[in-house]
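Structure first, commentary second.
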Amino acid sequence: MNNISKGKAGEALAAGYLKKHKYKILDTNFKTKLGEIDIVALDKSNKKMPYVVFVEIKTRASNIYGLPSEAVNISKQKKLTLVAEQYILKNKLFYGLMRFDVIEVVENDIRHIKNAFDALYD
């Protein structure tokens with residue numbers, strides 16, 4: 001399986017995982033000139049104020065070269081922050097809270113890292 005197919009399979013597994021855990025998928029593969037956010041979801045587990053969750057999915061065949069989440073470095077975090085900001089502006093989501101999560105998919109095992117990093121700006 002090539003990397004694109006592996007990535008798409010990982011995204012499908014992650015979306016299913018989120019739905020199973022009561023997240024509402026708002027968007028997938030949101031693209032701008034700056035980059036892409038794999039999944040945008042709504043987490044209503046905080047009953048007073050839902051979270052808009054920006055999810056980066058990293059799929060690997062194994063952990064031989066380290067954890068998939070380690071690929072979400074500072075540069076990637078800054079890029080995701082800017083793309084998330086564009087999503088919020090485009091969709092007028094000026095209410096609520098936002099969070100950045102990372103989902104690792106390794107050999108069909110899923111690890112969900114909630115609040116993996118804070119929004120970063122230069």
Side-chain angles (χ1 to χ4, degrees):
M1 182 181 298
N2 68 31
N3 285 344
I4 293 172
S5 298
K6 196 181 310 172
K8 292 292 181 196
E11 288 178 13
L13 281 172
Y17 168 90
L18 290 170
K19 288 176 186 174
K20 180 181 173 186
H21 287 87
K22 309 277 192 258
Y23 287 71
K24 179 181 178 187
I25 305 295
L26 300 177
D27 212 336
T28 57
N29 304 113
F30 175 75
K31 292 180 177 108
T32 72
K33 291 178 184 177
L34 295 172
E36 177 181 352
I37 293 179
D38 296 322
I39 295 178
V40 182
L42 194 62
D43 177 5
K44 294 183 180 180
S45 63
N46 178 354
K47 296 191 187 332
K48 292 183 181 180
M49 187 71 65
Y51 280 90
V52 176
V53 183
F54 298 97
V55 184
E56 177 68 9
I57 300 157
K58 291 296 180 190
T59 305
R60 301 286 186 270
S62 73
N63 286 331
I64 195 165
Y65 296 110
L67 296 174
S69 60
E70 293 172 341
V72 187
N73 57 27
I74 297 295
S75 175
K76 180 72 172 175
Q77 292 173 23
K78 287 179 182 177
K79 190 181 291 189
L80 289 169
T81 297
L82 293 173
V83 177
E85 186 176 75
Q86 290 179 341
Y87 184 88
I88 288 168
L89 291 171
K90 179 182 182 215
N91 293 284
K92 298 178 173 73
L93 296 174
F94 305 118
Y95 60 90
L97 305 168
M98 74 174 202
R99 186 176 84 210
F100 292 93
D101 292 4
V102 174
I103 292 182
E104 296 178 326
V105 179
V106 179
E107 298 177 12
N108 294 329
D109 289 327
I110 295 174
R111 180 173 170 238
H112 185 185
I113 305 165
K114 293 182 182 180
N115 206 26
F117 61 92
D118 292 324
L120 294 175
Y121 299 95
D122 281 329

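In what follows, every heavy atom counts, from backbone to side chain, and hydrogens, waters and symmetry copies are set aside.
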Answer yes or no: is there a donor N or O on one side and an acceptor on the other, between the side chain of Gln77 and the main chain of Val72, under 3.5 Å?
yes
Can you tell me which residue pairs pass the salt bridge (charged side-chain N to carboxylate O under 4.0 Å, His left out) test with a partner in residues 90-100, sequence neighbours excluded?
Asp43-Arg99, Arg99-Asp101
Please work out which of the three classes, parallel, tilted or perpendicular, describes the rings of Tyr87 and Phe54, given edges at 30° and 60°.
perpendicular
CG on Leu13 to CG on Asn108, rounded to 0.5 Å
5.5 Å
I'd like to know if the side chain of Thr81 and the backbone of Leu120 have a donor-acceptor N/O pair within less than 3.5 Å.
yes
Is it true that Val83 and Met98 fall in one hydrophobic cluster, defined by side-chain heavy atoms closer than 4.5 Å?
yes
ILVMFWY cluster, Leu97 and Ile39 together (side-chain gap under 4.5 Å)
yes
Rounded to the nearest 0.5 Å, what separation is found between the CD1 atom of Ile37 and the CD atom of Glu56?
8.5 Å
Do Met49 and Tyr23 belong together in a cluster built from hydrophobic side chains that touch within less than 4.5 Å?
yes
Under 3.5 Å, is there a donor-acceptor pair between the side chain of Glu104 and the main chain of Ser69?
yes
Does Val40 share a hydrophobic cluster with Leu82, counting links as ILVMFWY side-chain heavy atoms below 4.5 Å and allowing steps through other members?
yes
Is there a side-chain contact (heavy atoms from CB on, under 4.5 Å) between Leu18 and His112? Walk through the geometry before answering.
CA-CA 9 Å; Leu18 290 170; His112 185 185; 4.0 Å; yes
Could you grab the distance from atom NZ of Lys8 to atom CD1 of Ile57, nearest 0.5 Å is fine?
9.5 Å
Quick one: list whatever passes side chain to side chain contact (heavy atoms under 4.5 Å, CB included) with Asn63, sequence neighbours left out.
Leu67, Pro68, Val106
Report all side-chain donor-acceptor pairs from residues 28-36 shorter than 3.5 Å, counting only partners two or more places apart or in another chain.
residue	atom	partner	partner atom	Å
Asn29	ND2	Glu11	OE1	3.1
Asn29	ND2	Glu36	OE2	2.5
Thr32	OG1	Leu34	N	3.0
Thr32	OG1	Gly35	N	3.4
Thr32	OG1	Gln86	OE1	3.0

Report yes or no: do Val55 and Leu42 belong to one cluster of Ile/Leu/Val/Met/Phe/Trp/Tyr joined by side chain heavy-atom distances under 4.5 Å?
no
Let me confirm one number: the NZ-NZ distance from Lys58 to Lys76, rounded to the nearest 0.5 Å.
5.0 Å
Phe94 atom CZ: more than 12 heavy-atom contacts under 6.0 Å:
yes
Are any of the side-chain heavy atoms of Ile88 and Val52 separated by less than 4.5 Å?
no
Please name the pair of heavy atoms, one in Asp118 and one in Phe100, separated by the smallest distance, quoted to 0.1 Å.
C-CD1, 4.4 Å
Of all heavy-atom pairs between Gly10 and Thr59, which one has the smallest distance, and what is that distance?
CA-OG1, 3.3 Å
